[in-house]
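Note sheet for the following structure.
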2 protein chains.
Amino acid sequence: MTDGTPTDDTVESLPEESRCYCPLGGVMTLLSRKHAMEVVCIVGALGPVRYSEIETAFGEVSSSTLSTRLNELTEAELLSRERHGEIPPRVEYELTADGQELRERLVPLVRWVENRNGSLGLG
Amino acid sequence: MTDGTPTDDTVESLPEESRCYCPLGGVMTLLSRKHAMEVVCIVGALGPVRYSEIETAFGEVSSSTLSTRLNELTEAELLSRERHGEIPPRVEYELTADGQELRERLVPLVRWVENRNGSLGLG
DNA sequence: CTGTATCCGCGGGGATACTG
DNA sequence: CAGTATCCCCGCGGATACAG
């Protein structure tokens, strides 16, 4: 999208041997951790955002967990951490280019899930 | 897609208040469980598929875990279970209409992740 | 073949306290 | 403010045995 990566994966166009059924590691494992997708969405939606703002956007998440998630995503280069290093400390998180590409794939999924949560009684 | 649900969620068109940063429950929690997304992809890719075929498609997954995942997804009406009830028992899993909608959102995500796994050393 | 039942270990994640 | 360190517990998920 930003780099010419093909994104026209309409399901109909996928060949039988679409390589879906292979062991997914790394990022997929990361994304399966609690609140990981939400963090990506929040940071994407709120733009450059501070730690406490993310914390507030969540109703429920402990600081340790959020911190861990943030580090993992930053480590995976999905998030960038910018320190405006003075006192009081000011740090801003933002999606990297890769993070935005991820979010583009995440948003349709999340929105679809939200709709289902609403229409059925699954939430 | 099959029912007129809007699917044109290009990120650019999303307003600032895109409701991404809300507590996601139910299906999202389910999808965050181990191998859940893979199961959806496998069943989608392999069409009506038997238990043992799914088990084989995974290199590593215990029968209990697979069984649990299958039940959860069926319970959520993302999968359908069809019993051709004789002996030997023959059961086939298939995506429901909802399951296919989900898979449509999952495939771009999964494929993108796979590419990253390949290009970086994250897998 | 298609699962379920049981046991159990490991680690994810919450709470809390504390630091730069 | 922006986290990290620690403790601890729950529950996910693997292994195994067994059932319809």
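A note on names: the letters A, B, ... follow the listed sequences, proteins ahead of strands, and every chain is numbered from 1. Bear in mind the structure is a predicted one, so any value in this text is a computation, not a measurement.
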Nearest-angstrom distance from the residue atom CG of Leu66(A) to P of dT16(C): 17 Å

Restricting to side chain to side chain donor-acceptor pair (under 3.5 Å), what partner residues turn up for Thr65(A), sequence neighbours left out? Ser62(A)

What nitrogen or oxygen pairs link the protein and nucleotides 9-11 of chain C at under 3.5 Å?
none

Which residues pass the side chain to side chain donor-acceptor pair (under 3.5 Å) test with Arg90(B), not counting sequence neighbours? Glu92(B)

Could you give the NZ-to-P distance, from Lys34(A) to dA15(C), as a whole number of Å? 10 Å

Spacing of Phe58(B) atom CZ relative to dG14(D) atom P, expressed in whole Å: 10 Å

Qualifying residues under side chain to side chain contact (heavy atoms under 4.5 Å, CB included), relative to Ser32(B), sequence neighbours excluded: none

What is the separation between atom CD on Glu55(B) and atom P on dT2(C), rounded to the nearest whole Å? 9 Å

Return no unless some side-chain N or O of His84(B) is found under 4.0 Å from OP1 or OP2 of dT2(C). no

What ring pair (Phe, Tyr, Trp, His ring centres under 6.0 Å) pairs are there with at least one residue in residues 77-111 of chain B, not counting sequence neighbours? none

Could you state the interatomic distance from CE (Met37(B)) to CD1 (Ile42(B)), rounded to the nearest 0.5 Å? 13.5 Å

Does Arg111(A) come within less than 4.0 Å of Glu114(A), counting only side-chain N to carboxylate O? no

Rounded to the nearest 0.5 angstrom, the CD-CG distance for Glu101(B) and Asn115(A) is 9.5 Å

Does dG13(C) have its OP1 or OP2 closer than 4.0 Å to a side-chain nitrogen or oxygen of Thr65(A)? no

Just the atom pairs and distances: protein N or O near nucleotides 6-10 of chain D's N or O, under 3.5 Å.
none

Does Arg69(B) place a side-chain N or O at less than 4.0 Å from the phosphate oxygens OP1/OP2 of dG13(D)? yes

What pairs with Ser63(B) under side chain to side chain contact (heavy atoms under 4.5 Å, CB included), at least two apart in sequence or on another chain? Tyr51(B), Glu55(B)

Using atom types as modelled and distance alone, determine if a side-chain donor or acceptor of Gln100(B) lies under 3.5 Å from a backbone N or O of Ala97(B). no

Can Val61(A) and Ile54(A) be said to form a side chain to side chain contact (heavy atoms under 4.5 Å, CB included), step by step? CA-CA 10 Å; Val61(A) 68; Ile54(A) 302 176; over 6 Å; no

Expected rows: protein N/O vs nucleotides 1-3 of chain D N/O, under 3.5 Å:
{"unit_1": "dC1(D)", "atom_1": "O3'", "unit_2": "Arg50(A)", "atom_2": "NH1", "d": "3.0"}
{"unit_1": "dA2(D)", "atom_1": "OP1", "unit_2": "Arg50(A)", "atom_2": "NH1", "d": "2.8"}
{"unit_1": "dA2(D)", "atom_1": "OP2", "unit_2": "Ser52(A)", "atom_2": "N", "d": "3.4"}
{"unit_1": "dA2(D)", "atom_1": "OP2", "unit_2": "Ser52(A)", "atom_2": "OG", "d": "2.9"}
{"unit_1": "dG3(D)", "atom_1": "OP1", "unit_2": "Arg81(A)", "atom_2": "NH1", "d": "3.3"}
{"unit_1": "dG3(D)", "atom_1": "OP1", "unit_2": "Tyr93(A)", "atom_2": "OH", "d": "3.2"}
{"unit_1": "dG3(D)", "atom_1": "OP2", "unit_2": "Tyr93(A)", "atom_2": "OH", "d": "2.9"}

Sequence neighbours left out, what passes side chain to side chain contact (heavy atoms under 4.5 Å, CB included) with Thr96(A)? Give chain and number order. Ser80(A), Asp98(A)

